[in-house]
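All remarks here apply to the structure that follows.
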Protein chains: 4
Amino acid sequence: MSLREKKTAKKKADILRSAVEVIAEKGYHATTMEDIAAKLLMTKGSVYYYFKDKQDLLYQSYKMLLEQSNKMITEIINMNLPIKEKLEKVMKSHIVFIISERSSYGLKVKPEHYFEGEQLEIIFGLQENYANSFDQLIEEGIQAKIFSEVDVKIVRNLIIGAMNWVIQWYSTEGKKSAEEMAEIISEYLMKILIRS
Amino acid sequence: MSLREKKTAKKKADILRSAVEVIAEKGYHATTMEDIAAKLLMTKGSVYYYFKDKQDLLYQSYKMLLEQSNKMITEIINMNLPIKEKLEKVMKSHIVFIISERSSYGLKVKPEHYFEGEQLEIIFGLQENYANSFDQLIEEGIQAKIFSEVDVKIVRNLIIGAMNWVIQWYSTEGKKSAEEMAEIISEYLMKILIRS
Amino acid sequence: MSLREKKTAKKKADILRSAVEVIAEKGYHATTMEDIAAKLLMTKGSVYYYFKDKQDLLYQSYKMLLEQSNKMITEIINMNLPIKEKLEKVMKSHIVFIISERSSYGLKVKPEHYFEGEQLEIIFGLQENYANSFDQLIEEGIQAKIFSEVDVKIVRNLIIGAMNWVIQWYSTEGKKSAEEMAEIISEYLMKILIRS
Amino acid sequence: MSLREKKTAKKKADILRSAVEVIAEKGYHATTMEDIAAKLLMTKGSVYYYFKDKQDLLYQSYKMLLEQSNKMITEIINMNLPIKEKLEKVMKSHIVFIISERSSYGLKVKPEHYFEGEQLEIIFGLQENYANSFDQLIEEGIQAKIFSEVDVKIVRNLIIGAMNWVIQWYSTEGKKSAEEMAEIISEYLMKILIRS
DNA sequence: CATGAATGAGTATTCATTCAT
DNA sequence: GATGAATGAATACTCATTCAT
């Protein structure tokens with residue numbers, strides 16, 4: 001990749017990050033291209049130089065988010081750790097990520113509303129990948145008799161829901177750092193799984 | 001209340017319910033007055049007879065939701081039941097309500113974005129009321145040594161988060177009814193609290 | 001049709017006429033919705049109440065134009081007149097229409113650029129209809145040995161082209177009225193056909 | 001002219017030809033600088049090295065067209081040929097030129113919309129020159145009693161209109177070559193003039 | 001000379017809101 | 001009370017134009 005290409009890639013990534021943040025904060029429709037651009041001291045026009053349209057920006061933002069989380073969960077799965085610690089690590093990473101990126105792995109409404117065709121398929125694929133990885137960890141724990149025999153999908157959804165909701169109530173002004181909060185939360189959520 | 005007043009009140013409530021549903025489905029900004037009116041075979045114009053503006057509609061919708069949940073939680077608190085059963089009942093009601101109304105107790109983004117001044121205070125008050133009631137139940141359980149000594153606020157947020165997220169994944173086409181699902185979920189979430 | 005419906009239909013027709021004129025004058029892309037609205041002392045918003053979008057406005061304008069000319073040519077074809085007079089009448093009507101409506105039967109570029117799918121088919125159909133009617137008149141004249149044996153399609157295109165071009169050079173400030181000019185032109189163009 | 005200047009001149013001419021074609025195809029406003037540049041595998045930026053702005057490009061394109069046609073008509077006028085053949089030659093050249101350059105001597109709308117001041121004068125001058133040359137040929141034919149006594153200006157406009165319209169209907173996929181078509185058309189149009 | 005990038009003015013379009021009937 | 005119509009403010013998007021490298 002040439003220097004110029006690197007610069008372009010960086011700029012694109014910057015815009016995506018900016019977009020993720022603003023959209024997570026205000027919602028897709030309430031976010032204007034102006035908002036996203038202003039945050040980076042750019043003009044709308046520039047953003048359009050890098051992205052086809054607002055929807056494209058949303059798609060790529062969301063895709064980036066999901067890819068990052070898939071990368072994260074895959075790495076952790078491949079670590080040589082006890083299953084319980086793996087799952088805790090995943091949860092903590094998930095929570096810290098949400099807090100630090102000020103975003104959410106979950107759109108505030110169904111992807112079907114925003115994407116269609118190939119885009120929707122890719123997004124669904126990535127979501128499924130993450131969900132499956134999560135499920136895999138839970139199942140492994142169940143096999144190992146460390147987790148109780150729960151309905152994997154439901155429990156996974158509950159845990160992800162509880163984590164994604166954190167952005168609604170966690171305040172950076174509070175006493176606890178993101179990491180501390182992630183530690184506490186993962187401990188609590190683990191209780192849903194741990195054999196008593 | 002005269003007949004006319006009753007009729008008006010009913011119409012208002014109808015509109016609110018319609019609004020709650022569409023807004024929950026598509027998000028506030030993506031929802032047009034047309035959408036809300038069309039669902040009731042009305043015209044936009046008529047809606048304005050009953051509500052000052054779109055924001056007012058949102059406010060009253062959301063307030064209604066919160067009032068209903070507060071009413072619900074208060075009734076359950078006053079029942080003569082073991083604490084564990086009370087909390088389970090609250091959770092089940094919360095979940096069933098979310099599924100049936102196809103809405104969410106939580107706006108998809110912070111209330112601060114939509115309300116201000118007195119409205120915001122009232123909304124915050126109602127949310128606090130609900131949170132406090134929830135906390136009260138948790139604390140009672142802790143006092144009674146039935147629940148373990150968790151950080152009440154965090155756990156409450158986790159549970160509410162997990163429940164509010166249900167709308168993102170529960171499908172009415174699935175095998176389980178809302179009640180069955182609520183039963184299962186509340187059982188799982190209860191594990192966060194129950195002493196092991 | 002109720003009074004209200006009549007009013008709406010009239011308004012629509014007014015907008016179409018306004019659009020036809022401005023678009024014929026400045027071209028589709030150079031014409032703004034503002035231009036069209038301003039001409040009728042309306043706001044853009046109002047125009048959008050009656051028409052889906054700018055393209056829709058163009059389509060309906062053009063369709064109206066073609067329908068009117070088809071109606072005109074059909075009426076003349078059905079008159080009980082010598083073939084030569086029929087064709088002259090068609091030409092004169094065509095020319096007077098172009099001058100009075102300040103528009104052109106022909107878009108300035110190919111319809112394919114503006115329409116697609118069903119719209120394009122309908123436009124093509126209407127154009128074909130007009131062309132066929134024109135051809136029919138020419139052929140009739142040839143059969144009757146009044147016109148010479150020309151290539152019907154080419155001659156039709158030449159005549160229509162010459163007439164559509166009138167809008168480029170006819171000035172309302174000149175000495176001749178539209179009718180006089182139409183008279184002269186049709187006489188000249190007839191020479192292409194008349195047996196010598 | 002130095003080599004460099006020659007190169008520059010060639011590039012300019014290339015761009016002009018490209019511009020003429022695209023503008024004739026899509027219309028001035030629908031044509032983007034990108035379109036023109038892309039056709040020559042250039043970037044927009046480069047085009048600006050050679051031309052001040054889009055309007056300048058249009059002006060020079062159009063001027064070039066008119067100059068070429070003036071050159072053509074002048075050459076033919078100066079040939080030693082019977083008047084009838086001269087006019088036929090002019091028409092054929094005009095038609096072949098339009099078809100080959102895929103452009104039109106006539107802008108799709110009035111020059112007044114695109115040019116002003118000196119530019120407009122020059123364009124008008126060139127148009128007038130062409131028109132006058134055309135008229136001169138017609139008048140010569142009338143003097144020679146070969147053409148009938150028509151209104152020169154009107155007939156000239158009719159003939160030019162019929163020819164400029166060719167681009168709207170002539171298809172390169174048809175059986176007839178541009179030259180054959182030009183032959184046929186000029187023959188037909190000549191009938192307007194020829195004494196019967 | 002060429003070009004990638006940035007910009008801003010202009011335009012289509014949407015939609016909450018108003019109001020006369 | 002209801003509604004068809006009208007409006008204008010807001011916003012996505014395009015594209016001619018500029019300029020640093």
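To find a chain, count down the sequence lines: A is the first, B the second, and so on, and within it residues start at 1. No hydrogens, no waters, no symmetry mates; every other heavy atom, side chains included, goes into these values.
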Rounded to the nearest angstrom, tell me the gap between atom CG in B:D35 and atom P in E:dT17.
14 Å
Short side-chain N/O contact to E:dT3 OP1/OP2 from D:S46, under 4.0 Å
yes
Between B:Y49 and C:R4, which residue's closest nucleotide on DNA chain F lies nearer the 5′ terminus?
B:Y49
Distance in angstrom units between D:Y48 OH and E:dA2 P, rounded
16 Å
Atom CG of A:L58 and atom P of F:dT11 are separated, to the nearest Å, by 17 Å
Starting at CG of D:L40 and ending at P of E:dT3, how long is that distance when rounded to a whole Å?
12 Å
With a cut-off of less than 4.0 Å, is there a side-chain N or O of B:K52 near OP1 or OP2 of E:dT17?
no
Watson-Crick or G-U wobble partner for E:dC15, using a 3.5 Å limit on both distances?
F:dG8
Working to the nearest 0.5 Å, report the span between OH of C:Y28 and CD of C:Q55.
5.5 Å
Between C:T32 and D:V47, which is nearer to the 5' end of DNA chain E once each is assigned its nearest nucleotide?
D:V47
Rounding to 0.5 Å, atoms OH (B:Y49) and OG1 (B:T8) come to a distance of 6.0 Å
Whole angstrom value for the distance that separates C1' of F:dT14 from CD of C:Q55
18 Å
In whole angstrom, what separates C:M42's CE from F:dG8's P?
13 Å
Considering every strand and a 4.0 Å limit on heavy-atom distances, what is the contact class for C:F51: base, sugar-phosphate, or nothing?
nothing
Taking D:Q60 as the fixed residue, which of D:L58, D:L57, D:D56 is the one that meets the side chain to side chain contact (heavy atoms under 4.5 Å, CB included) rule?
D:D56
Can you check the C:K7 NZ to E:dT21 P distance for me, whole Å?
8 Å
Taking for each residue the nucleotide of DNA chain F with the nearest heavy atom, is it D:G45 or D:E34 whose nucleotide lies nearer the 5' end?
D:E34
Between atom OH in C:Y50 and atom C1' in F:dG4, what is the gap in whole Å?
8 Å
Counting the atoms with a prime plus P, OP1 and OP2 as sugar-phosphate, which does C:T31 contact under 4.0 Å by heavy atoms, base, sugar-phosphate, or nothing?
sugar-phosphate
Of F:dT3, F:dG1, F:dA12, the nucleotide closest to the side chain of A:M33 is F:dA12
In the strands shown, is E:dA20 matched to any nucleotide by a Watson-Crick or G-U wobble pair with both distances under 3.5 Å, and which?
F:dT3
Paired with C:Y62, the side chain to side chain donor-acceptor pair (under 3.5 Å) test is passed by just one of C:Q127, C:Q119, C:E67, namely C:Q127
Do the side chain of C:K44 and the base of F:dT7 come within less than 3.5 angstrom through a donor-acceptor pair of N or O atoms?
no
Are the side chain of D:S18 and the backbone N or O of D:I36 linked by a donor-acceptor pair below 3.5 Å?
yes
